[in-house]
Amino acid sequence: MLNGMEPSTYFVSDLHMFSRRSQAAAHEQAIHAVAQRARTFVLGGDIFDFRWSTLGSVETTVRASVDWVDRLVSRNPDCQFHFVAGNHDYNQRFLNAINAYCQQAPNLQFHHYYLRLAGSIFLHGDAADHPTMCATRLQSNRQHWLKDESRGPVKHLLYDLAVKARLHQLAGVVHPKQKVAQRLTGYLDRIGHGPGTGLEHVYFGHTHQAMAGYQLGGLTFHNGGAPMAGLQFRIVEAQDSSEQNGTATAKPPA
């Protein structure tokens, strides 16, 4: 419950579906159950993982990804869905497919970098990868993901060994909360969405480190983690702001 009312805006990210490290299948029923009662549902990037897909090719993974989105969106026509891209699903073939799908799905919108809903902003979180991240730098960082291909058997083997060694659990060391919050605040200021614009809540993924209500510089940060062995994961109940001051969505920088 939020402020005595059932929350109706939800956020989930970093499912990394179709990769071996993902345990998203165990949460799919819960995701559908939440969508059934939600007014707004934000998919916050890296929902799919084209680099480490086990499906054999990007094309096969694109079809499976759109099918997954379709099952969620078409079964819940009263919920407004937003797909905010992450780096692992920023593949040009998927971007083309999901944009085409949006044309026939009135309750789904796609966003390259972020979604602003009144006092809340939803973004993937790779903006925290550099201390002076700005719109141009983030756009440049995403470019090499556009033509990324699924990795071959040898790299998959090395990847599996890294997962078994639980190296992905080092997120808290690589991405400490304060540093991440500071970097995201700087990025948001640079793109015109800092605290001075009425922003209060920041919902993000990417770091795989769960964060609930972490406060810094007048902003409150939320991260649902990732469904992987040894990591925390949750569907985030967002501060509902969809009926305040309207909706603003971001366009990719020129």
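Note that the structure is a prediction, hence the values are computed from the model and not measured.
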Scan side-chain atoms only and decide if [X] and [Y] contain a donor-acceptor pair under the 3.5 Å cut-off.
| X | Y | value |
| --- | --- | --- |
| Asn223 | Thr207 | yes |
| Ser57 | Thr60 | yes |
| Thr61 | Arg93 | no |
| His124 | His112 | no |
| Thr132 | His130 | yes |
| His206 | Asp46 | no |
| Asn96 | Gln92 | yes |

Check: [Y] and [X] side chains under 4.5 Å, non-hydrogen atoms:
| X | Y | result |
| --- | --- | --- |
| Arg37 | Val34 | yes |
| Val12 | Val236 | no |
| Arg137 | Cys134 | yes |
| Glu200 | Thr220 | no |
| Phe48 | Val62 | no |
| Tyr113 | Leu123 | no |
| His201 | Phe221 | no |
| Asp126 | Arg142 | yes |

Next item on the list: Going by the ring-ring contact (aromatic ring centres under 6.0 Å, His included) test, name the single residue among Phe110, Trp68, Phe83 that passes it with Phe94.
Entry: Phe83
Note to self: So that I know where these two stand, are His27 and Phe233 an aromatic pair - ring centroids less than 6.0 Å apart?
What the structure shows: yes
Check: Can the ring centres of Tyr214 and His222 be said to be less than 6.0 Å apart?
Finding: no
For [Y], is there any backbone N or O sitting under 3.5 Å from a side-chain donor or acceptor partner on [X]?
| X | Y | value |
| --- | --- | --- |
| Thr185 | Ala181 | yes |
| Ser22 | Leu15 | yes |
| His144 | Asn141 | yes |
| Gln143 | Gln139 | yes |
| Arg71 | Val73 | no |
| Arg190 | Met133 | yes |
| Asn99 | Leu95 | yes |

Note to self: I'd like to check the ring pair (Phe, Tyr, Trp, His ring centres under 6.0 Å) partners of Tyr187; sequence neighbours left out, ordered by chain and number.
What the structure shows: none
Notebook entry, point to check: Do you know which of Tyr114, Phe122, Tyr10 makes side chain to side chain contact (heavy atoms under 4.5 Å, CB included) with Tyr203?
Noted result: Phe122
Any idea which heavy atoms bring [X] and [Y] closest together, and the distance?
| X | Y | result |
| --- | --- | --- |
| Leu55 | Ala64 | CD1-CB, 3.7 Å |
| Pro195 | Asp189 | CD-OD1, 3.7 Å |
| Ala38 | Cys79 | O-CB, 3.6 Å |
| Leu199 | Ser120 | CD1-C, 3.8 Å |
| Leu72 | Ala35 | CD1-CB, 3.9 Å |
| Gln80 | Leu108 | NE2-N, 3.6 Å |

Supply the atom-to-atom distance [X] [atom1] to [Y] [atom2], rounded to the nearest 0.5 angstrom.
| X | Y | atom1 | atom2 | value |
| --- | --- | --- | --- | --- |
| Ser19 | Phe50 | OG | CZ | 11.5 Å |
| Cys102 | His82 | SG | NE2 | 10.5 Å |
| Glu237 | Thr9 | CD | OG1 | 10.5 Å |
| Met228 | Asp14 | CE | CG | 6.5 Å |
| Arg39 | Asn76 | CZ | CG | 15.0 Å |
| Ser53 | Phe18 | OG | CZ | 7.0 Å |

Item checked: Face-on cation placement of Arg20 at Trp52 ring, 6.0 Å and 45° thresholds -> no
Note to self: Regarding Arg183 and Asp129, does a basic nitrogen lie under 4.0 Å from an acidic carboxylate oxygen?
What the structure shows: no
Item checked: Pair Arg21 + Asp49, salt bridge at N-O below 4.0 Å -> yes
Notebook entry, point to check: Which residue, Asn91, Asp148, Asp89, Asn87, forms the side-chain hydrogen bond (donor to acceptor under 3.5 Å, both in side chains) with Arg51?
Noted result: Asp148
Notebook entry, point to check: In terms of ring plane angle, is the pair Trp145 and His88 parallel, tilted or perpendicular, where the classes change at 30° and 60°?
Noted result: tilted
Notebook entry, point to check: For Gln232, does the CD atom have more than 12 heavy-atom neighbours from other residues, nucleotides or ligands under 6.0 Å away?
Noted result: no
